[in-house]
Amino acid sequence: MKTIVVKIGGSLAVDEAKLLDFAVAAAEMSRDFRMVIVHGGGKDINANLALLNEEPKFISGLRVTTPATMDMVEMTLSGRVNKKLVRMLLSNNASVAGISGVDAKLLEAKPMQNKGDLGAVGDIVKVNTQILEALFSANITPVISPVSYGDGNAWNVNADTAASEIAVALKADCFVLISDISGVLDENKKVIPSLNKELASDLIQSGVISGGMIPKVQGALESIARGLKSIHIVGWEGAEAFKKQIAGSDNSGTIIC
């Protein structure tokens, strides 16, 4: 049975209609694949941080995470966002379990280095896949919050990075990142159908690839270097487009290879 890793975030995580559309498609596909769903939730985090009167700050697309921010990140991602998605999938007859990288030390992290003062932002150093394999054996689809464990602390790990590390550890047959936009855009705001390391580096250097797309593309390239054959960065174009993307019969976004 093929292993599929799907990362969702952006507006898909907060748009109830789109999220339900995804849940219906994912529930159906989870019966035919070993599927892992990793979610972000940056917009939910920003909304909750507003309650603390704390302005979100980013360096190279990564969230600066103070102790108060880390508490809110964990509550939001491992709590509200995770369980909302789990409930939607359960309602569509999927067998799922919501966990975070902290559970069973699924994702072990250390402080991120050489990126500026990001606070409690972590780099994943190990993926313990035993819990995922146990869930697969029970025909349960894991739904994962990227909050990770290290030295007794919770670490804020970029969801794209967490999904990439999980995909590599599982030697996934297909890895799809669902973004707010339809793929990586060129200088004319048109989707680039395919991207390799050289072109991606040039586009980052020139500023065409910027903001949150930088860690998304860099993480994808690192995963390719470590054995994944291709990574799909797509927008949410509906359930049928999602199924075709995974089946390989159509491409509505950017495939990094």
Side-chain angles (χ1 to χ4, degrees), residues 1 3-51 63 70-107 129 131-149 154 156-160 162-163 166-167 170 172 174-180 234-243 245-246:
M1 185 178 288
T3 300
I4 309 298
V5 175
V6 180
K7 184 267 173 178
I8 67 169
S11 63
L12 182 57
V14 295
D15 187 312
E16 296 289 328
K18 288 182 179 178
L19 193 60
L20 180 58
D21 197 27
F22 168 79
V24 171
E28 178 185 336
M29 297 178 73
S30 69
R31 301 178 190 109
D32 300 319
F33 301 106
R34 297 192 337 159
M35 179 178 286
V36 176
I37 300 170
V38 182
H39 64 80
K43 294 186 178 183
D44 281 288
I45 293 169
N46 290 343
N48 287 338
L49 282 176
L51 301 176
R63 183 184 298 275
M70 187 64 243
D71 287 345
M72 189 61 77
V73 167
E74 186 162 35
M75 285 189 285
T76 304
L77 293 185
S78 301
R80 183 177 182 277
V81 175
N82 187 272
K83 298 315 172 193
K84 179 173 70 172
L85 180 54
V86 166
R87 289 194 302 272
M88 282 189 172
L89 289 159
L90 290 172
S91 296
N92 285 280
N93 299 315
S95 179
V96 298
I99 60 175
S100 78
V102 173
D103 295 299
K105 298 183 181 179
L106 169 61
L107 302 174
T129 59
I131 187 172
L132 302 180
E133 294 293 346
L135 291 169
F136 288 148
S137 296
N139 295 317
I140 295 172
T141 294
V143 179
I144 301 173
S145 154
V147 175
S148 301
Y149 174 87
N156 182 18
V157 171
N158 180 275
D160 297 322
I166 291 168
L170 290 174
C174 185
F175 177 30
V176 180
L177 292 129
I178 302 176
S179 175
D180 270 344
V234 301
W236 182 251
E237 305 292 342
E240 289 307 311
F242 177 56
K243 294 175 187 177
Q245 191 78 38
I246 288 180

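Residues: numbered from 1 along the sequence shown. Just so it is clear, the values below take in all heavy atoms, side chains as well, and ignore hydrogens, waters and symmetry mates.
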Is Asp32 reaching over with its side chain to a backbone N or O of Met29, donor-acceptor style, under 3.5 angstrom? no

Which residues pass the side chain to side chain donor-acceptor pair (under 3.5 Å) test with Lys84, not counting sequence neighbours? Glu16

How far apart are the C-alpha atoms of Asp15 and Trp236, what are their side-chain angles, what is the distance that settles it, and do they pass the side-chain contact (heavy atoms from CB on, under 4.5 Å) test? CA-CA 11 Å; Asp15 187 312; Trp236 182 251; over 6 Å; no

Which pairs, with at least one residue in residues 140-149 and sequence neighbours excluded, count as a side chain to side chain donor-acceptor pair (under 3.5 Å)? Ser78-Ser145

Who pairs with Asn158 by side chain to side chain donor-acceptor pair (under 3.5 Å), at least two apart in sequence or on another chain? none

Would you tabulate the side-chain donor-acceptor contacts of residues 85-97 under 3.5 Å, counting partners in other chains and residues two or more places apart, or write 'none'?
{"residue": "Ser91", "atom": "OG", "partner": "Arg87", "partner atom": "O", "Å": "2.9"}
{"residue": "Asn92", "atom": "ND2", "partner": "Met88", "partner atom": "O", "Å": "2.9"}
{"residue": "Ser95", "atom": "OG", "partner": "Asn139", "partner atom": "O", "Å": "3.3"}

Go through the structure and list residues passing side chain to side chain donor-acceptor pair (under 3.5 Å) with Gln245, not counting sequence neighbours. His232, Asn251, Ser252

With sequence neighbours excluded, tell me which residues meet side chain to side chain donor-acceptor pair (under 3.5 Å) with Arg31. none

So, for Asn82 and Val143, which heavy atoms are closest and what is the spacing to 0.1 Å? ND2-O, 3.1 Å

Decide yes or no on side-chain contact (heavy atoms from CB on, under 4.5 Å) for Leu170 and Glu133, but give the supporting numbers first. CA-CA 9 Å; Leu170 290 174; Glu133 294 293 346; 3.8 Å; yes

What's the verdict on side-chain contact (heavy atoms from CB on, under 4.5 Å) for Met70 and Arg63, showing C-alpha distance, side-chain angles and the deciding distance? CA-CA 10 Å; Met70 187 64 243; Arg63 183 184 298 275; over 6 Å; no

Nearest heavy-atom approach of Ile131 to Ala104 is CD1-CB, 3.8 Å

Walk me through whether Leu49 and Thr76 qualify under side-chain contact (heavy atoms from CB on, under 4.5 Å). CA-CA 10 Å; Leu49 282 176; Thr76 304; over 6 Å; no

